[in-house]
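So the structure is just underneath, and the comments pick up after that.
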Protein chains: 2
Amino acid sequence: MPFNTDLKCKPTSDFSCNDCRMNAFCLPVALNSSEVGQLDDIISRDKPLQKNDCVYSAGQAFTSVYAVRSGCIKSYTTNSRGEEQVTGFHLPGEIFGMDGISSKVHTNFAVALQTSAVCEIPFSHLTKLTGVLPALQNHFFRLMSNEIVSDQQMITLLSKNSAEERLATFLLSLSVRNQRQKFSGTHFNLPMSRSDIGNYLGLTVETVSRVFSRLQKLGVLRVDKKEIEILDIDQLHELSTTTD
Amino acid sequence: MPFNTDLKCKPTSDFSCNDCRMNAFCLPVALNSSEVGQLDDIISRDKPLQKNDCVYSAGQAFTSVYAVRSGCIKSYTTNSRGEEQVTGFHLPGEIFGMDGISSKVHTNFAVALQTSAVCEIPFSHLTKLTGVLPALQNHFFRLMSNEIVSDQQMITLLSKNSAEERLATFLLSLSVRNQRQKFSGTHFNLPMSRSDIGNYLGLTVETVSRVFSRLQKLGVLRVDKKEIEILDIDQLHELSTTTD
DNA sequence: CGTCAGTTTGAGCGAGCTCAACGTGAGTGG
DNA sequence: CCACTCACGTTGAGCTCGCTCAAACTGACG
């Protein structure tokens, strides 16, 4: 079973949601094939992004939401002290950019952590479509609600949990998201740096590194640079204290 | 005939969004008066909630979102250890309950912190209405996006900021939300306990109490039980380190 | 071969937690 | 009316987890 996500995507033009590996859990999930056709018509698929390429910047006018087709996108804001705050990592099949809907301006930056492909979905077109496709409207409401729920879980994690619990929860989240893509849930590459992980989890790089070492010593993980193998997923669950 | 026997009746049924003090920033904000009428028709306004009354519980089927008309509603979840995690305080004009949209089950509990009145908006009716009123659909998308943005700001606050910065930011948030209701932004009562504040901000009761004392000693606040007077709002802004 | 970003490991420190004691006010019941 | 309780809030003392600072290692890339 492949454990990395470096799949090369095909040229952009003739690509349809119908052919996409992610269509079982991306936007088209609620639609029949003629409706998917309508969605396809409004989606634009530009050439792949290279590492560090920017999808949009904070302060930039909001026009579209995006779906990840391959690779990994990092969202982050900057606070008043100019420090970066990572707000999420987006894997294939996930939608991002919904933070800009309220004020018509993006509050986050979005950059590629590796070679990635994204689908751009112009929001004004999407809302026209949701007006006539109730299933799509409902699905989009649910996607936004999902984001609210997961942000709230993040708040709980930061507010109540130790460094070890945070990292364990993070790894389990990556595990299930990899499985959803039909990749291994126990053997995968981290697309992000230790410092991105630390920033996301409210920890310093040193703490992240120490916890990785500790979990390796405990026999829960095998860590080699960015390559992670989960050796004892039950113990990882216990360490994470998340029941879901 | 006694009028208080039918507990299911709507004692405020002749109440309309048009008459509501909050309509300038609640759901009706994007609608003309005939559209507000359609919205009114689907909203039910039950009798006021007493302190500790529950609007819904985690695990309960999701059917409606809610708007606060008066009082204050606290949202919270419980984690795997059974600990409470406060996820928000909802003041008049604010919508809550959107966490249940994705899974059709509430993930939060919602309880009244004081005598409160809420409007119940059945979600299936609301989505029918958003299907035919594009302005309402857009506004609801924006409300959900707002919630995402404010949850992400909360993540940043918890991840990067000290106890003092968290409490200062919290007080400033209450201040602007009070002003929006045309109440004083510098002199108000806290609807929630110290322990609710601490829980929300990822701090212990003792720390919240100590920071209140310190801010009072600095001359930034006057604190008397739940009564808060902001004496130096500029310094409070500096302490909060939020630019917005 | 030097540089540089990313990572690991160690040593010491400090903000906020834990534990404990005490104060306060509202409610309750005699 | 006081006595009692109970939830809530304040303050102090000591401890701990994760931060800061520092040093060394690794691999990629010119």
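Just so it is clear: chains get the letters A, B, ... in the order the sequence lines come, proteins before strands, and each one is counted from 1. Fair warning: this is a prediction, and the values are worked out from it, not measured in the lab.
In this entry the distance linking CD1 of I197(B) with P of dT10(D) reads 9 Å, nearest Å. At whole-Å resolution of the value, CZ in R214(B) and P in dT10(D) are 13 Å apart. Atom C1' of nucleotide dG16(C) and atom CG of L167(B) are separated by 14 Å, given to the nearest angstrom. We find that CG of L201(A) is positioned 12 Å from P of dG18(D), with the value rounded to whole Å. In this structure, N52(B) places its CG atom 13 Å from P of dG27(C), rounding to the nearest Å. One atom, CE of M192(A), and another, P of dG6(C), lie 15 Å apart when rounded to the nearest Å. Remark: P of dG9(D) and CZ of F212(B) are 10 Å apart, rounded to the nearest angstrom. If you take NZ of K225(A) and P of dG6(C), they are 12 Å apart, rounded to a whole angstrom.
A close approach under 4.0 Å does not occur between any side-chain nitrogen or oxygen of S213(A) and OP1 or OP2 of dT8(C). Side-chain nitrogen and oxygen atoms of K226(A) include none within less than 4.0 Å of the OP1 or OP2 phosphate oxygen of dG6(C). Note on T204(B): every side-chain N or O is 4.0 Å or more away from OP1 and OP2 of dG16(C).
Salt-bridge formation is detected for the pair R81(B)/E165(A): a Lys NZ or Arg NE/NH1/NH2 atom is positioned less than 4.0 Å from an Asp or Glu carboxylate oxygen. For R180(A) and E94(A), the salt-bridge test passes: some basic side-chain N is under 4.0 Å from an acidic carboxylate O. With respect to the salt-bridge test (charged N to carboxylate O, under 4.0 angstrom), the residues R214(B) and E164(B) qualify.
Side-chain contact of H106(B) with S57(B): a donor-acceptor pair under 3.5 Å is absent, judged by distance alone. Side-chain N/O atoms of R177(A) and S173(A) include a donor and acceptor closer than 3.5 Å. Side chain to side chain, T156(A) and S159(A) fail the donor-acceptor criterion of an N or O pair below 3.5 Å.
Annotation: proximity of residues 215-223 of chain B to DNA chain D (heavy atom, distance under 4.0 Å) is found for no residue. Taking a 4.0 Å limit (strictly below) on heavy-atom distances, residues 83-91 of chain A does not reach DNA chain C anywhere.
Remark: the R166(B) side chain and the dG16(C) base include no donor-acceptor N/O pair separated by less than 3.5 Å. A donor N or O paired with an acceptor N or O is not found under 3.5 Å between the base of dG9(D) and the side-chain atoms of R210(B). Residue-to-nucleotide contacts include a donor-acceptor pair under 3.5 Å from the side chain of E206(A) to the base of dC21(D).
Aromatic ring centroids of F62(A) and Y56(A) lie 6.0 Å or more apart. The aromatic ring centres of F170(B) and Y200(B) sit less than 6.0 Å apart.
Interatomic distance, T87(B) OG1 to N108(B) CG, rounded to the nearest 0.5 Å: 3.5 Å.
A residue-by-residue look at T207(B) and K51(B) shows that K51(B) has its nearest nucleotide of DNA chain D further toward the 5' end.
Among the heavy atoms of the strands, none lies under 4.0 Å from G198(A). Across all strands shown, S193(B) has heavy atoms under 4.0 Å from sugar-phosphate atoms exclusively, and none from any base.
More than 12 heavy atoms of other residues, nucleotides or ligands shown are found within 6.0 angstrom of NZ on K226(A).
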